[in-house]
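We count ligands from 1, going down the list as the structure has it; atoms in each ligand are counted the same way. Computed over heavy atoms, backbone and side chain alike; hydrogens, waters and symmetry mates excluded.
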Amino acid sequence: MTPQPIPVNTPLLDGNELKYLTECIQTGWISSEGPFINAFETKFSSYIGCNYGIAVSNGSAALDIAIKALNIGAGDEVIMPAFTIISPAQSVVTAGATPVLVDSDPQTWNMDIDQLEAKITPRTKAIVVVHIYGLPVDMDPVLALAKNYNLKVIEDAAEMHGQTYKGKMCGSLGDISIFSFYPNKHITTGEGGMLLTNDQELAERCKKLRNLCFEPNGPRFIHYELGWNYRMTNLQAALGLAQLERIEEFIKIKRKMGTLYQEKLAFLTDKGYQLPLADVGYAQNIYWIFGLVAPDQHTKEEMVKYLAVQQIGTRPFFWAMHEQPVFKNMGFFKDEQYPVAEKLARNGFYIPSGLGLKEEEILTVTHLIKDFVY
Ligand SMILES: *Cc1c(COP(=O)(O)O)cnc(C)c1O
């Protein structure tokens, strides 16, 4: 019997997705005009607890808009983790500003808050907080620093739909936050993203930037500023609305998956592997993905190869920003070192973690990992 492949992600699309999409086709509303956009923005922003939601084409686009809406540009510095997806760094660099990196906490894999204050200079404009893999950043000290130094806080909550920090929703804690609805996120629109804020003026600016900076009340086709076409379509919003109806169920599935992996893979700690923390006091892991950090790079590569032969999907961890060829070639981060981020990037990977993952598939994965290790 040939075993079935187990992909790293499978979304769940068996709620009202087809019904709402059919409605789009039948009514002809398929562009960014259409009733699902407003409904999705309203429902998602109120779920997270923010006054305004601005739906966009993806999470990276949302970051571009957030940076520009806050008037961050040439001469400004923006603090962010070294260990992250490239999106926040790319937005800052393309805006003409400079990313300033902070190393990771070896336990939570999030930005090490104790190293943050030393990175603040008179040029610092904002902090991009990236909540990584399932645990939120410890926000209270970040918000206190931001207040003291008069800095904006951008929350990259692209992996945190429904996760809380001390009982408050991630994505409701900073000046502005962004979410992604890529198919491996907790809810998906295929491609998609959203900005959330309580600041009406900022929300208006985001809306304008998403739509080529057309003047909302001015004459059509007269522009005073450059933006993007980063609009979400009614089709995407239809998917999003159907997904949002099930978000609490999805979070339960993720936590159940994480708990089962924790139990079945506990033996790995004796072999020098690191598992995600289940609980950090201010939050319980939501397990966006289930990550493992191998004792060294070689062991990781061997395990990933072994799993690939067994048709088990894995993904490497993020590659740190200061080691990105594109940024090095631009002259950023010269001689900078972030040892924890470097180690996570080299030794870390994640195993199948999608919402569609079945319990017997989890057991297959954990058995194979055990076979490899012993
Ligand atoms: C997925 C993700 C993004 C980017 O979202 P896209 O919709 O893929 O552009 C940004 N930040 C983080 C932390 C992410 O995980």
Under the side chain to side chain donor-acceptor pair (under 3.5 Å) rule, collect the residues that match up with K208, sequence neighbours excluded. E215
Taking ring pair (Phe, Tyr, Trp, His ring centres under 6.0 Å) as the cut-off, I'd like each qualifying pair that reaches into residues 66-116, sequence neighbours left out, listed once. F83-Y133, F83-F317, F83-F318, W109-F317
Tell me whether the centres of the aromatic rings in F179 and F44 are closer together than 6.0 Å. yes
Compute the ring centroids of F40 and F181, then answer whether they are less than 6.0 Å apart. yes
The protein residues that pass the under-4.0 Å heavy-atom test against ligand 1 are N58, G59, S60, I85, S87, V130, D156, A158, E159, S180, K185, G192
CE of M111 to OG1 of T84: how many Å apart, nearest 0.5 Å? 10.0 Å
Just list the side-chain donor-acceptor pairs under 3.5 Å for residues 266-278, sequence neighbours left out, or say none.
unit_1 : atom_1 : unit_2 : atom_2 : d
T269   : OG1    : A266   : O      : 2.8
Q274   : NE2    : P106   : O      : 2.8

